[in-house]
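Side chains are part of it too, since the values below use all heavy atoms of this structure and drop only hydrogens, waters and symmetry mates.
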Amino acid sequence: MNETMPRTPFSTPLSGSARETEIRIRNIFSGPKKRPPLPFLILMFAIAIFCGNLVSCRQRPPEPSLVMETQYYDRYDNLIEIPALALPTGAENPAVEAINQALNGLREEYAFAQNSIRGGNYCLFYPSTTDRYINLTFFLNEASYGHDGWVRSWIYDKKERVQVTEEDALALAGITQETLCGGLEELIANDPEVPRGMYEPADIVGFRIKADGQPVFYLSAVVDYVELESGGSLDEWYRIYVWEGGAYTRYDCMVSGDSGQYPLVPAQETDQLDPPLWNQWYFAGEEPKGGYSPAPVSTQSAASLRAVLLGDMMFTDADTGQVLDISRVTETVTSDASFTAKPARFACLDLDGDGTEEAVVWLETEEGDPALAFLVLRWQENGQVYSYLRFPRWLEDLKQDGVHFYSLSAFEYGVNLVRFVYGGEGSPEIWETETLLRQEWADSSQDRLAWFYGDGPVSEADFNVLYQEQASKEDVVWHDFTPELIERVIS
């Protein structure tokens, strides 16, 4: 039997030398000494980098973009701008979702303002995007007294893919909340012109981060009521201040007032969008792209009412037949040449619910006393505008739906409606008053009261409930009698 093993390409013969055999065995266990080829190393390195990038891309959320979802401007000076942050389809980012949820809350909060005839409601957007941050800053206001408005903000960090907190911003500025707010309180306390204490402590209400990485803070401060040495007083007031680089500046909230206005965020730091935002067109003396939202004033009557209020068209006194213009409203009140009345405010509403709006002009004396009378201007199908004069006790607390109150005495009062009825060919319509609710003396002895709803009697308790329902309705909106507001409100 031949016991010699056959040779194959996959076998290596052992040397007969013990020394050679030892070296061979060591080489097997120690592995090859020769470096792999350079192209092989480059390929392996590239594969490793590529795999790492795949993991990184899966972990880093994509960068959001700004989308204007609500951009609304109407003739009542309601100005609403609320955006959203958009991500690619299917992408998720908890920080973006949290900001969008807050923006949706703001949108719901200001939903009432769209075409609200109360007017003067602002949600003004100042976006400012830097290499690292998306700043969403808002100036908010409502048609009410006692404040400079409000500021809210949300900031997204594009590098870290997170929402920036107030604590983050304070750390960037190298300042504490106590120092920041304390400095404002000291500033107000030492005001040389009007010394006023703090009614409430100062607080941070918003911030943004500039391109240089330094924050700008928005602070609130509620100041005390104060009586002035010269007479008069100043009410408690909610103020807005801007802190930047260690300096405090009170923000001028009179965005619809006189000169000296300035934007909440400087124009050079504010993103320029298309369609333009309020801060782009307002400070340029322009109007919104596409104009203001359509006015509910009847298109047939609007031009005539506007022309009368601007003094470009005559109107006819429905009672006397006098043909006058708005500069001669005194003649609707009295023939006394020594007495003067002037238009101070105006309102537009559908007084009788027939689908056509009337203009109501609030008349005052030259001394600016409370309402002297109300002049109701009504357009008729013949193209004429007629006036109807009513004194305050017959047109008190006018509501948006035309409901109003009257008072004959402390015990005789009620709620009225207006109806205009046909007055004959070529004649003005006739003003008729429909009483909705009334309280009056039950008899001439004046020792017992009676209450009515329409023509039917009701109990005192039911009368009070029905009366309160009417009193709680929205008041009509009065606008200052200026050409600018006349043209905006009656489009």
W278 and its ring-ring contact (aromatic ring centres under 6.0 Å, His included) partner, picked from F283, Y292, F125: F283

Contacts of type side chain to side chain donor-acceptor pair (under 3.5 Å), residue S65, not counting sequence neighbours: none

CG-CD1 distance between D168 and I155, expressed to the nearest 0.5 angstrom: 10.0 Å

Atom CD of E186: over 12 foreign heavy atoms under 6.0 Å: no

Residue pairs fulfilling salt bridge (charged side-chain N to carboxylate O under 4.0 Å, His left out) with at least one residue in residues 274-286, sequence neighbours excluded: D274-K289

S301 side chain to S304 side chain, donor-acceptor N/O pair below 3.5 angstrom: no

Test ring-ring contact (aromatic ring centres under 6.0 Å, His included) applied to F139 and W150, step by step: CA-CA 6 Å; F139 173 76; W150 300 272; 8.4 Å; no

ring-ring contact (aromatic ring centres under 6.0 Å, His included) between W478 and F346, intermediate numbers included: CA-CA 5 Å; W478 293 103; F346 74 99; 8.6 Å; no

E185 (side chain) donor-acceptor with A202 (main chain) under 3.5 angstrom: yes

Pairing residues for Q177 by the side chain to side chain contact (heavy atoms under 4.5 Å, CB included) criterion, not counting sequence neighbours: E166, L170, C181, D203, I204

Contacts of D271 that satisfy side chain to side chain donor-acceptor pair (under 3.5 Å) - sequence neighbours left out: T129

Expected output: side-chain N135 to main-chain P127 donor-acceptor under 3.5 Å: no

Side chain S153, main chain F207, donor-acceptor under 3.5 Å: yes

Ionic contact status for R107 with E69, cut-off 4.0 Å: yes

Least distance between heavy atoms, L87 atom then E92 atom: CD1-C, 4.1 Å

Worked check of side-chain hydrogen bond (donor to acceptor under 3.5 Å, both in side chains) between N78 and Y122: CA-CA 6 Å; N78 296 304; Y122 309 143; over 6 Å; no

F463 side chain near L466 side chain, heavy-atom distance below 4.5 Å: no

Polar side chain donor-acceptor pair, Y145 to D235, under 3.5 angstrom: yes

Residue among Y262, Y218, Y126 satisfying ring-ring contact (aromatic ring centres under 6.0 Å, His included) with Y251: Y262

Any donor-acceptor pair under 3.5 Å from Q400 side chain to D475 backbone: yes

Y388-R390 side chain donor-acceptor pair, cut-off 3.5 Å: no

Q470 side-chain N/O to V415 backbone N/O, donor-acceptor pair under 3.5 Å: no

Check: Y453 side chain, D462 main-chain N or O, donor-acceptor pair, under 3.5 Å: no

Atom pair NE2 (H479) and CG (L309), whose distance is rounded to the nearest 0.5 Å: 11.0 Å

Check: Y73/E81 side-chain N/O donor and acceptor closer than 3.5 Å: yes

Sole residue of N416, L417, V476 in side-chain contact (heavy atoms from CB on, under 4.5 Å) with H404: N416

N/O donor-acceptor pair under 3.5 Å between R306 side chain and I490 backbone: yes

D131 atom CG, over 12 foreign heavy atoms within 6.0 Å: no

Set of residues satisfying side chain to side chain donor-acceptor pair (under 3.5 Å) with respect to D397, sequence neighbours excluded: none

Salt-bridge criterion met for R152 and E109 (N-O under 4.0 Å): yes

With sequence neighbours excluded, residues passing side chain to side chain donor-acceptor pair (under 3.5 Å) with D354: R378

Test item: side-chain donor near acceptor, D148 and Y241, under 3.5 Å: no

Gap between atom CD1 of I240 and atom CG of L264 - 0.5 Å precision: 8.5 Å

Exam field: side chain E487 to backbone E484, donor-acceptor pair closer than 3.5 Å: no

